[in-house]
Amino acid sequence: MTDKEKTEEAKQRIAELSQTIHHHNYQYYILDNPSISDYDFDMLLNELIALEKQFPELVLPDSPTQRVGGDIIKQFQQVEHKHQMLSLGNTYSQGDLNEFFSRTENLLQLSNIEYVCELKYDGVAISLIYENGILTQAVTRGNGTIGDEVTANVKTIKSIPLRLQGDYPQELEVRGEIIMPHDSFNALNKEREDIGETKFANPRNAASGSLKLQHSAEVAKRGLDFFLYYVYDDNNAYQNHFQSVMKMKEYGFKITPYIKTCASSTEVFDFISYWDKERENLPFDIDGVVIKVNRYDYQEQLGTTAKNPRWAIAYKFKAERVLTQLLSVDYQVGRTGIVTPVANLEPVFLAGTTVKRATMNNADFIKEMDIHQNDYVYIEKGGEIIPKIVAVEPSMRKENNMPIQFISTCPDCGAALVRNEGEAGYFCPNVNECPPQIKGKLLHFISRKAMNIEGLGEEKINLLYDNGLLKNITDFYKLTYNQLFGLNKTFSSENKETDRSVSFKEKTTENLLLAIEKSKSVEFERVLFALGIRFVGEVSAKKIARHYGSIEKLQQTTIEELLNIDDVGDVVAQSIMSYFADKNNIDIINQLKGFGLQFSCVSNADKMLSDKLEGMTFVVSGTFSSPQRRKDIEEMIEMHGGKNVSSVNKKLSFIVAGDNMGPSKLAKAQQLGIPIISEQDFLTMINLSE
């Protein structure tokens with residue numbers, strides 16, 4: 001038999017094995033009706049693995065071997081969602097839920113509206129993209145607009161079909177929640193305990209951590225599961241949400257039995273009441289019930305706010321509550337000077353973790369709750385994450401326990417605290433000399449959504465501050481190799497075994513200086529956010545930057561003009577005016593200008609270096625000399641007129657491949673005849689290399 005004949009025979013056998021294994025996966029994981037033994041299934045899978053190893057060019061993009069994992073992911077690429085992934089409005093009361101029903105009826109001018117009730121799974125939201133029936137992309141929610149691509153890891157989840165079946169549409173987006181069932185969670189924590197690793201606090205954290213593992217083979221071992229909760233089909237094939245969910249079973253998805261259409265609010269409350277008690281018997285965690293208007297045309301009429309759909313709401317079950325004693329109160333100063341009281345508690349176990357501290361919000365909170373020294377207090381976790389005091393038990397209070405008095409001076413610098421009219425919090429006005437404010441501003445400046453200076457964190461900022469190298473944000477651009485190299489410090493913790501040492505070695509120092517240099521090209525809107533002007537968030541900074549176009553025009557503005565910008569109210573406008581009235585801030589801006597930071601908007605045309613790649617699309621795949629190198633290539637593609645995409649399809653122009661390119665992308669590229677070029681080939685293409 002010739003090599004060509006062997007290859008053709010292997011191709012046919014791989015296709016046959018893949019189809020058979022897909023069928024048995026569907027029978028086992030979706031229908032819960034296995035038709036062959038585990039041994040026979042393993043034999044089929046092992047035969048396929050062996051054939052793919054012998055003929056790697058024949059690996060199909062939806063091969064069942066993807067369930068086993070194997071891809072090494074050095075960096076998670078960020079992807080923009082086609083449809084924004086909004087969050088849901090939450091309520092804990094039936095009164096608020098009745099208001100939702102009334103508001104919906106008034107907006108639609110209808111009295112008989114059908115709702116769908118589903119469980120609110122406590123996991124990680126995910127968007128799955130199918131093209132021509134093949135799973136091509138899986139993206140986390142992220143900030144709702146942009147998320148991380150975790151396709152290789154998601155492919156290991158057996159309840160997610162790699163290939164759809166039936167009369168599926170050409171393009172389909174399915175959204176749902178990736179969860180870790182209790183059995184998987186307990187087994188994982190037992191394994192971590194056995195090898196001396198820290199146990200996960202709860203299944204949600206474990207699921208989230210699993211999706212960000214760099215080795216998909218490890219994800220495959222985690223026993224994750226998936227429940228879908230929404231479908232986008234641009235062909236509008238379905239009239240309502242319930243119908244679309246049921247249709248997904250025909251395509252190969254496991255459909256939750258915990259879903260119900262409700263013709264009245266009474267039926268909705270019955271569903272909530274049932275699951276509030278029955279949730280204890282579920283094999284996974286939930287934290288409430290989601291209520292949605294069923295019909296899609298009604299959903300479209302109701303629309304959305306900036307953050308939430310008006311046609312859906314989440315009813316959250318009341319969180320677990322425990323009683324413990326307040327031992328003392330600490331006061332923490334944030335980067336904007338706001339002073340937050342934090343309760344030190346007698347350690348108590350709550351929702352999977354031991355709680356020792358809880359926020360007390362502000363002076364008004366302490367007064368309204370009537371908290372005394374050494375009181376016994378009830379603790380809950382906000383969203384089951386952040387511990388907070390929700391009530392005091394006065395029956396256990398001793399007569400000599402005095403009310404807690406909020407401090408009058410800054411605990412760090414001693415300045416007299418100030419409280420502005422209309423604000424809940426006291427703050428330290430010593431902006432330029434209060435250590436936690438300075439450190440907070442430094443951390444904010446380097447953060448991902450601001451200047452994105454990688455290689456620094458809280459401990460290294462503290463180390464540089466303590467050594468007198470960082471006094472304000474301009475000092476980042478004054479750092480030198482000789483100043484940094486060799487610096488080190490050990491940070492102590494309650495447990496000596498978790499003491500942490502940080503140091504600036506040769507590579508660490510070089511990478512940091514490169515990251516600082518690269519930050520000079522960050523666009524104006526992010527530089528404005530990085531300045532840390534009080535009350536100016538990421539969104540408002542973007543709108544303000546685009547409205548004025550430059551820092552000079554913003555400095556010359558008036559409150560009246562600021563108030564004409566969306567998202568800018570009296571408080572934000574006044575804060576901006578106060579910021580530019582401070583000569584110290586103007587000096588900082590002028591210094592940053594001198595270092596080359598961007599203080600004016602640059603049009604896309606100005607950013608372009610050439611149009612050599614116009615009309616071309618690229619996938620950058622594999623590992624390069626550094627994650628930053630991959631980003632540089634992607635930026636150069638756009639600066640020369642090209643477009644970056646994340647999936648391999650027949651319209652793709654080139655793949656720029658580093659080391660260890662994913663086998664599924666390699667196979668698909670070879671199948672479609674997509675040219676695969678090296679980094680050197682790409683640089684030659686744009687005339688950066690001879």
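Since this is a predicted model, take the numbers as computed values, not measurements.
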**OP:** Run the numbers on Tyr168 and Phe253 for ring-ring contact (aromatic ring centres under 6.0 Å, His included), then give the verdict.
**Re:** CA-CA 12 Å; Tyr168 51 80; Phe253 285 95; over 10 Å; no
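With sequence neighbours excluded, the residues forming a side-chain contact (heavy atoms from CB on, under 4.5 Å) with Asp276 are Arg279, Phe317, listed by chain and number. Remark: Glu614 pairs with Asp611 by the side-chain contact (heavy atoms from CB on, under 4.5 Å) rule, at least two apart or across chains. By the ring-ring contact (aromatic ring centres under 6.0 Å, His included) test, Tyr258 pairs with Trp275, Phe284, sequence neighbours left out. Take Arg310 and apply the salt bridge (charged side-chain N to carboxylate O under 4.0 Å, His left out) test, not counting sequence neighbours, and it matches no residue. Taking Val139 as the reference, Val79, His81, Gln137 meet the side-chain contact (heavy atoms from CB on, under 4.5 Å) condition, with sequence neighbours excluded. Partners of Phe101 according to the ring-ring contact (aromatic ring centres under 6.0 Å, His included) rule, which considers only residues two or more places apart in sequence or in another chain, are Tyr115. Here Ala450 pairs with Ser447, Phe529, Ala530 under the side-chain contact (heavy atoms from CB on, under 4.5 Å) rule; sequence neighbours left out. Residues satisfying the salt bridge (charged side-chain N to carboxylate O under 4.0 Å, His left out) criterion with Glu177, sequence neighbours excluded, are absent altogether. With sequence neighbours left out, Arg222 forms a salt bridge (charged side-chain N to carboxylate O under 4.0 Å, His left out) with no residue at all. When the salt bridge (charged side-chain N to carboxylate O under 4.0 Å, His left out) test is applied to Glu99, no partner is found at least two apart in sequence or on another chain.
Residue pairs meeting the salt bridge (Lys or Arg N to Asp or Glu O under 4.0 Å) criterion with at least one partner in residues 255-266, sequence neighbours excluded, are Lys260-Glu267. Applying the salt bridge (Lys or Arg N to Asp or Glu O under 4.0 Å) test to every pair with at least one member in residues 103-118, sequence neighbours left out, gives these pairs: Glu118-Lys292.
Note that Lys120 lies outside the cation-pi zone of Tyr315, set by a 6.0 Å cut-off to the ring centre and a 45° limit from the axis.
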